[in-house]
Undergrad: 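Let me begin by handing over the structure; questions about it come next.
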Amino acid sequence: MSDDDERGEEYLFKIVIIGDSAVGKSNLLTRYARNEFNPNSKATIGVEFQTQSMLIDGKEVKAQIWDTAGQERFRAVTSAYYRGAVGALVVYDITRSSTFENVGRWLDELNTHSDTTVAKMLIGNKCDLESIRAVSVEEGKSLAESEGLFFMETSALDSTNVKTAFEMVIREIYSNISRKQLNSDSYKEELTVNRVSLVKNENEGTKTFSCCSR
Amino acid sequence: MDEEYDVIVLGTGLKECILSGLLSVDGLKVLHMDRNDYYGGESSSLNLTQLWKRFRGSDTPEENLGASREYNVDMIPKFIMANGLLVQTLIHTDVTKYLNFKAVDGSFVYKKGKIYKVPATDVEALKSPLMGLFEKRRARKFFIYVQDYDEKDPKSHEGLDLSKVTAREIISKYGLEDDTIDFIGHALALHNDDDYLDQPAIDFVKRIKLYAESLARFQGGSPYIYPLYGLGELPQAFARLSAVYGGTYMLNKPECKVEFDGSGKAIGVTSAGETAKCKKVVCDPSYLSEKVKKVGKVTRAVCIMSHPIPDTNDAHSVQIILPQKQLGRKSDMYLFCCSYAHNVAPKGKYIAFVSAEAETDNPEEELKPGIELLGPTDEIFYHSYDTYVPTNIQEEDNCFISATYDATTHFESTVVDVLDMYTKITGKTLDLSVDLSAASAAAEN
């Protein structure tokens with residue numbers, strides 16, 4: 001486990017990305033975290049999570065963003081994937097309406113397994129492919145409104161709105177959490193009492209994990 | 001599904017998921033399927049609705065118990081030895097990054113109708129009413145011997161070859177009383193019955209050392225740790241490891257019928273009319289019931305409570321061992337309790353289990369001595385399951401079947417089975433002292 005683990009950290013938020021296969025979840029993540037895009041990326045292999053920091057109110061806030069590791073392909077995302085998530089991006093592909101129709105199923109799964117108030121955003125990805133669009137902006141907007149989600153159309157390919165979308169979710173989480181912390185002094189204490197950290201017994205100094213090699 | 005895999009794994013119990021993860025990391029092409037629509041098989045943790053469905057038919061749980069999803073009730077309750085094989089496996093695979101653990105508050109032992117804390121420090125040991133003053137001195141000498149014992153250093157053996165000398169002989173050398181032997185053998189060495197007394201002492205001594213090292217690791221009140229949200233998180237974490245390394249996951253697959261060729265070798269698995277080919281099949285006993293035999297039965301009570309177990313210093317998580325002799329049984333009974341502190345129940349609720357190897361056909365009566373220690377319960381469920389071991393010859397049919405989870409209180413035997421299966425499947429021995437993430441980082445440079 002790396003040093004920037006949640007223990008002792010003032011703000012570290014877990015955010016999950018969900019949605020059907022091939023809607024661009026991994027590319028959104030790599031665009032945001034590393035400003036990269038891989039047009040030939042196959043189904044996700046080897047992606048864990050990426051950690052990205054931003055400043056809010058002068059405080060460093062870290063977001064640990066998780067990818068599905070391909071387990072969404074046959075609808076086998078683990079319930080553990082959602083554990084402790086305080087934010088979620090539900091992604092569909094604006095050129096494939098089936099991926100939009102499945103948004104409801106992903107929201108159900110999220111609501112079943114997440115145990116806190118989760119900041120949710122609906123994302124219509126691949127908005128650079130206007131010519132073959134199958135889901136209108138209005139459809140996306142109205143679904144988001146009826147489900148109480150933020151909404152944005154993005155393009156991981158040309159970077160449109162990617163950073164904005166992630167940062168909007170992170171800000172929303174921050175404001176949720178700060179309120180919660182003000183309301184309850186014991187919040188943090190309860191989270192950390194008796195926690196143990198499993199690292200090797202030998203003192204081998206800091207260990208970094210390489211989480212995103214392909 | 002119409003692809004060819006190196007290995008198809010059936011069932012997403014902990015053993016199968018660890019193997020799936022290890023095999024994917026090795027670069028094998030793995031397909032992992034489960035007939036259920038959830039992960040974990042027999043080693044899952046159930047929410048309240050699932051619990052009611054399984055034990056009470058279609059009844060809906062009472063509302064005063066709280067939200068269903070706040071419950072994570074283990075079907076195979078065990079604690080994790082802080083310095084044991086499972087922790088080594090978690091670190092080796094770096095799966096720890098998907099999980100959070102908390103220390104377990106206390107470990108207790110039952111003696112003549114009362115429960116006593118198993119001392120966790122020298123001070124506690126001095127104060128403990130478990131032994132008289134002179135017995136404490138004798139026991140202390142024995143513990144010093146165990147502590148100093150180093151398999152590789154003959155000087156520490158004091159002239160005894162522990163691979164030949166029995167545990168009984170070692171104990172008699174130190175002149176320990178029967179109650180002390182009961183305490184050391186069952187509450188520290190965690191032997192489930194008294195067979196160990198006539199076996200070579202090396203295993204006995206190593207088990208006490210493991211207990212002591214685990215106790216020292218996190219300086220808690222017990223040698224155990226336990227994951228937040230219950231043990232059902234463990235198989236899922238290893239499944240993610242497998243997926244990250246390319247393993248394909250399918251849940252809710254009916255049948256999962258293993259196909260054999262004319263010579264009786266497994267060649268694939270069929271589900272819903274589609275067949276995936278493979279070289280090897282790994283599964284739990286339920287997927288190849290014709291290749292296993294019944295070896296025993298575990299009986300268990302699952303209780304929801306609104307208070308900690310009495311006389312445990314209000315511990316939120318605790319294990320109590322009831323040695324067989326104290327109850328006139330052939331094998332031990334044990335209690336296991338966890339609470340909302342480990343996120344297995346809503347605030348104010350505790351989940352307690354009473355487990356034993358079944359010696360009768362009446363679990364309610366059989367588990368009574370343990371249940372009486374719990375005080376009032378909100379709900380109580382009884383269940384029993386048969387335990388199986390494989391009977392096939394792997395070289396002949398390419399099937400690798402895990403043994404059912406036993407009644408032991410921790411995961412040592414579980415991981416031993418996994419490591420053994422790994423060796424049979426790959427022909428390699430897993431070196432747990434290697435840190436995989438460090439190794440792969442080094443390889444990249």
Side-chain angles (χ1 to χ4, degrees), chain A residues 1-2 4-7 14 21 42-49 51 64 66-84 109 111-116 186 189-202 204-214, chain B residues 1 12 32-34 37-40 47 67 69-70 82-83 87-88 90-91 94 96-105 213 217-218 220 225 228-229 232-237 239-253 316-317 341-343 433 435 437-438 440-441 444:
Chain A
M1 215 172 244
S2 69
D4 56 13
D5 189 59
E6 68 271 35
R7 274 171 290 277
K14 176 175 172 179
S21 277
K42 299 225 173 70
T44 306
I45 290 179
V47 175
E48 292 279 31
F49 38 75
T51 308
Q64 189 183 65
W66 290 51
D67 201 352
T68 50
Q71 287 180 318
E72 84 289 358
R73 241 189 336 146
F74 301 100
R75 312 201 154 177
V77 173
T78 63
S79 55
Y81 178 69
Y82 297 96
R83 290 276 184 233
E109 191 165 308
N111 294 334
T112 308
H113 297 303
S114 55
D115 42 15
T116 37
S186 57
E189 199 186 342
E190 235 174 64
L191 280 178
T192 51
V193 69
N194 264 354
R195 280 278 175 112
V196 294
S197 174
L198 293 185
V199 288
K200 278 199 107 171
N201 252 350
E202 288 81 31
E204 48 178 28
T206 14
K207 208 177 67 178
T208 53
F209 60 83
S210 62
C211 56
C212 16
S213 53
R214 246 165 222 260
Chain B
M1 258 182 82
T12 52
H32 200 160
M33 302 197 280
D34 197 306
D37 63 357
Y38 55 87
Y39 280 89
N47 64 31
R69 71 155 176 249
E70 290 192 59
N83 213 31
V87 167
Q88 288 176 41
L90 286 162
I91 292 172
D94 204 19
T96 51
K97 65 173 170 260
Y98 306 136
L99 298 160
N100 286 300
F101 295 91
K102 275 186 181 180
V104 170
D105 291 339
E213 286 157 12
R217 184 153 187 178
F218 298 116
I225 59 171
L228 295 189
Y229 303 104
E233 301 294 282
L234 292 169
Q236 297 186 45
R240 182 168 167 94
L241 171 74
S242 181
V244 163
Y245 280 87
T248 302
Y249 275 81
M250 298 181 183
L251 298 182
N252 212 2
K253 300 297 281 186
H316 275 272
S317 48
H342 277 95
N343 300 28
S433 64
D435 188 329
S437 62
S440 63
E444 277 163 27

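So that the names make sense, note that chain A is the first sequence line, chain B the second, and so on, each numbered from 1.
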Undergrad: Please find the pair of heavy atoms, one from B:Tyr39 and one from A:Thr78, that lie closest to each other, and give the distance.
TA: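 Smallest heavy-atom distance, with atoms named: CE1-CG2, 3.4 Å.
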Undergrad: Does any backbone or side-chain atom of B:Phe218 lie under 4.5 Å from a heavy atom of chain A? Answer side chain, backbone, both or neither.
TA: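 When you check distances to chain A, only side chain atoms of B:Phe218 fall under 4.5 Å.
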Undergrad: Let me know if A:Ser79 has heavy atoms under 4.5 Å from chain B in its side chain, its backbone, both or neither.
TA: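 It is both, since atoms from each part get that close.
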Undergrad: What are the two closest non-hydrogen atoms of A:Ala69 and B:Ala243, and how far apart are they?
TA: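 Looking at all heavy atoms of both residues, the shortest contact is O-CB, 3.5 Å.
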Undergrad: Measure across B:Arg69 and A:Asn111 and return the closest heavy-atom pair with its distance rounded to 0.1 Å.
TA: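 Taking every non-hydrogen atom into account, NH1-O, 2.9 Å.
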Undergrad: Where is the tightest heavy-atom contact between B:Lys97 and A:Trp66, given as atom of each residue plus distance?
TA: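 Scanning both residues completely, I find the closest heavy atoms to be O-CH2, 4.3 Å.
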Undergrad: Please give me the minimum heavy-atom distance between A:Phe74 and B:Tyr249, naming the atom from each residue.
TA: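 So the minimum-distance heavy-atom pair works out to CB-O, 3.3 Å.
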Undergrad: First locate atom CG of B:Asn100, then atom CZ of A:Arg83, and finally report the distance between them rounded to the nearest 0.5 Å.
TA: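 Answer rounded to 0.5 Å: 11.0 Å.
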Undergrad: Please name the pair of heavy atoms, one in A:Gln71 and one in B:Ala239, separated by the smallest distance, quoted to 0.1 Å.
TA: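 For A:Gln71 versus B:Ala239, the nearest heavy atoms are NE2-O, 3.5 Å.
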